[in-house]
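Read the structure below first, then the notes.
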Amino acid sequence: MHAYTDILSRLFSSSFIQIFRSIIVFFISVILARKLGSEAFGNYAFLTAAFIQVWSLIDGGFQNSFFTNLSSKKQGKNFYTYSLAVILLQLIISSVLILLFLSTNFLDFFFLTKNRELIFWAFLSIISQKSFLNNATHIAESMRKNFYGNIFELIAVSFQILSIVILFSMNISDLDRIFMFITFANLASCALSILFIKREYLDLNISFKEYFDSTILYMRPLLLFSWISFSVQFFDIWILSKIGGFTEQSYFQVAHRFSLIFIVFLVALNNINWKETAELTENKRISELYDYVFNIMRYVCCAAIIFSLFLFANSENLLTVFFGKEYVTSASIITFELMMLNII
């Protein structure tokens with residue numbers, strides 16, 4: 001009983017912060033959509049979604065492996081050293097590849113723009129969030145300090161909305177500048193988390209081979225999945241932007257921004273679940289694991305039905321109030337309603 005009370009306490013604290021964070025992210029989208037217009041906002045949304053998929057391919061499941069190893073038991077200091085080296089190697093290799101392709105038509109074809117600076121800053125904005133900020137959050141969550149991890153993600157999006165407001169107040173609406181400021185906001189928040197989150201080390205040094213074996217154990221099943229996921233999801237958003245245009249992409253992303261409120265709640269729950277299931281699996285408490293997963297899934301399904309049906313019934317009014325009449329068309333309303341049903 002105490003374990004479930006602790007889980008609920010961490011969920012409510014992290015969910016409150018995550019929902020507040022998702023509200024800020026939502027209003028970042030509202031500001032960008034209204035100020036940029038549907039075409040430019042669709043371009044922004046496409047590049048963001050595209051590079052998230054590129055990052056998932058580059059990561060290959062490493063982040064999940066890192067979090068699982070941290071959650072299952074305490075690690076020695078050089079475990080963090082090796083992990084940082086892997087993250088930096090991922091960044092260097094992907095940056096070199098981007099720079100090599102900058103002078104070719106390859107990037108024009110896949111990212112639908114000739115603006116090389118825009119592509120590079122969009123890439124860095126996602127890497128700074130996914131590779132650095134998220135891993136810093138995972139360190140806190142692996143120690144059951146979910147509140148601290150979520151606070152720094154909240155600080156990051158607060159820096160982002162502040163930067164965007166400042167840019168628009170100076171009549172600067174270039175997408176590359178927006179991505180640049182988002183990158184700096186993510187890195188600043190990551191630096192703060194490293195300074196304030198006290199890590200717990202074991203007095204144990206492992207060889208690189210031991211580190212590699214423990215990491216690849218969890219990565220191996222995810223490597224193929226990361227390629228399949230990239231192929232499906234990247235080309236899904238690419239085809240929508242290539243054939244339908246950035247305006248159609250903006251309709252899809254506007255609907256997605258509403259669903260993010262619930263998705264962020266799921267992320268908060270998932271990070272807690274990862275810690276608990278990793279520990280239960282490590283200790284071979286399988287029956288407790290099954291009970292825990294069943295109870296969590298039951299409550300999540302009920303919450304998803306209530307949330308999605310409410311948004312479905314109020315689709316046109318919500319689009320008008322938040323994003324304006326430019327985003328209220330038959331296509332955007334149908335997209336919105338389908339996205340809400342997809343939550344279930």
Side-chain angles (χ1 to χ4, degrees), residues 24-26 28-33 35-59 63 87-88 90-134 153 156-157 159-168 172-190 226 229-230 233-242 244-250 252-254 256-257 260:
I24 296 177
V25 171
F26 178 79
I28 289 174
S29 299
V30 170
I31 293 169
L32 290 173
K35 291 290 186 181
L36 295 174
S38 58
E39 181 76 14
F41 177 67
N43 191 4
Y44 164 85
F46 165 72
L47 287 172
T48 300
F51 276 114
I52 287 174
Q53 297 310 316
V54 171
W55 170 83
S56 69
L57 182 63
I58 295 168
D59 181 71
Q63 189 171 98
I87 293 170
L88 292 176
Q90 289 176 341
L91 176 60
I92 292 168
I93 292 173
S94 53
S95 298
V96 168
L97 289 174
I98 290 288
L99 290 171
L100 286 175
F101 286 119
L102 280 179
S103 59
T104 70
N105 293 326
F106 178 85
L107 293 183
D108 298 351
F109 178 76
F110 280 101
F111 298 108
L112 307 178
T113 179
K114 295 181 181 298
N115 188 334
R116 303 301 200 255
E117 189 175 355
L118 173 58
I119 291 173
F120 191 69
W121 282 111
F123 163 73
L124 286 182
S125 72
I126 297 303
I127 290 294
S128 62
Q129 177 186 340
K130 294 293 186 177
S131 286
F132 292 98
L133 184 59
N134 282 12
E153 289 194 345
V157 296
F159 285 165
Q160 289 178 22
I161 196 169
L162 178 62
S163 301
I164 290 168
V165 169
I166 291 172
L167 284 172
F168 283 131
I172 299 174
S173 57
D174 299 337
L175 287 181
D176 50 355
R177 297 292 177 268
I178 292 171
F179 281 121
M180 181 191 299
F181 275 74
I182 289 173
T183 301
F184 292 149
N186 290 336
L187 292 176
S189 182
C190 182
S226 65
S229 175
F230 169 80
Q233 297 194 44
F234 179 88
F235 287 103
D236 180 41
I237 57 176
W238 183 85
I239 289 170
L240 177 60
S241 295
K242 181 69 174 178
F246 288 135
T247 298
E248 292 295 326
Q249 183 69 244
S250 72
F252 175 80
Q253 294 298 334
V254 162
H256 185 253
R257 293 311 189 262
L260 273 179

- L118 versus D174: any side-chain heavy-atom pair under 4.5 Å? no

Can you tell me how far apart [atom1] ([X]) and [atom2] ([Y]) are? Round to the nearest 0.5 Å.
X    : Y   : atom1 : atom2 : value
I87  : L91 : CD1   : CG    : 10.0 Å
L57  : I52 : CG    : CD1   : 14.0 Å
L175 : L47 : CG    : CG    : 7.5 Å

Residue list, side chain to side chain contact (heavy atoms under 4.5 Å, CB included) with [X], at least two apart or on another chain:
X    : value
D236 : none
S241 : F46, L112, F246, Q249
F181 : S163, L167
I31  : K35, I161, I164, V165, F168

Partner set under side-chain hydrogen bond (donor to acceptor under 3.5 Å, both in side chains) for [X], not counting sequence neighbours:
X    : answer
N186 : S128, Q160
S38  : E326
S29  : R257
T247 : E39

Which atom pairs, one a donor and one an acceptor, fall under 3.5 Å between side chains of residues 119-127 and the rest of the protein, sequence neighbours left out?
{"from": "S125", "atom 1": "OG", "to": "A122", "atom 2": "O", "distance (Å)": "2.7"}

- How would you list all residue pairs meeting side chain to side chain donor-acceptor pair (under 3.5 Å) that involve residues 44-56, not counting sequence neighbours? Q53-Q233, W55-S131

- Item | Criterion side-chain contact (heavy atoms from CB on, under 4.5 Å) on L36 and S173, from CA distance to verdict | CA-CA 7 Å; L36 295 174; S173 57; 4.1 Å; yes

- Query: Once the angle between the rings of F110 and F234 is folded into 0 to 90°, is it parallel (under 30°), tilted (30 to 60°) or perpendicular (over 60°)?
  - Reply: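 F110 and F234: tilted rings.
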
- Query: So, does S94 use its side chain to make a donor-acceptor pair with the main chain of Q90 at under 3.5 Å?
  - Reply: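 Flag set: sc S94 to bb Q90 pair under 3.5 Å.
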
- Query: Going by an N to O cut-off under 4.0 Å, is there a salt bridge joining E117 and R177?
  - Reply: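 Answer for the salt bridge query: yes.
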
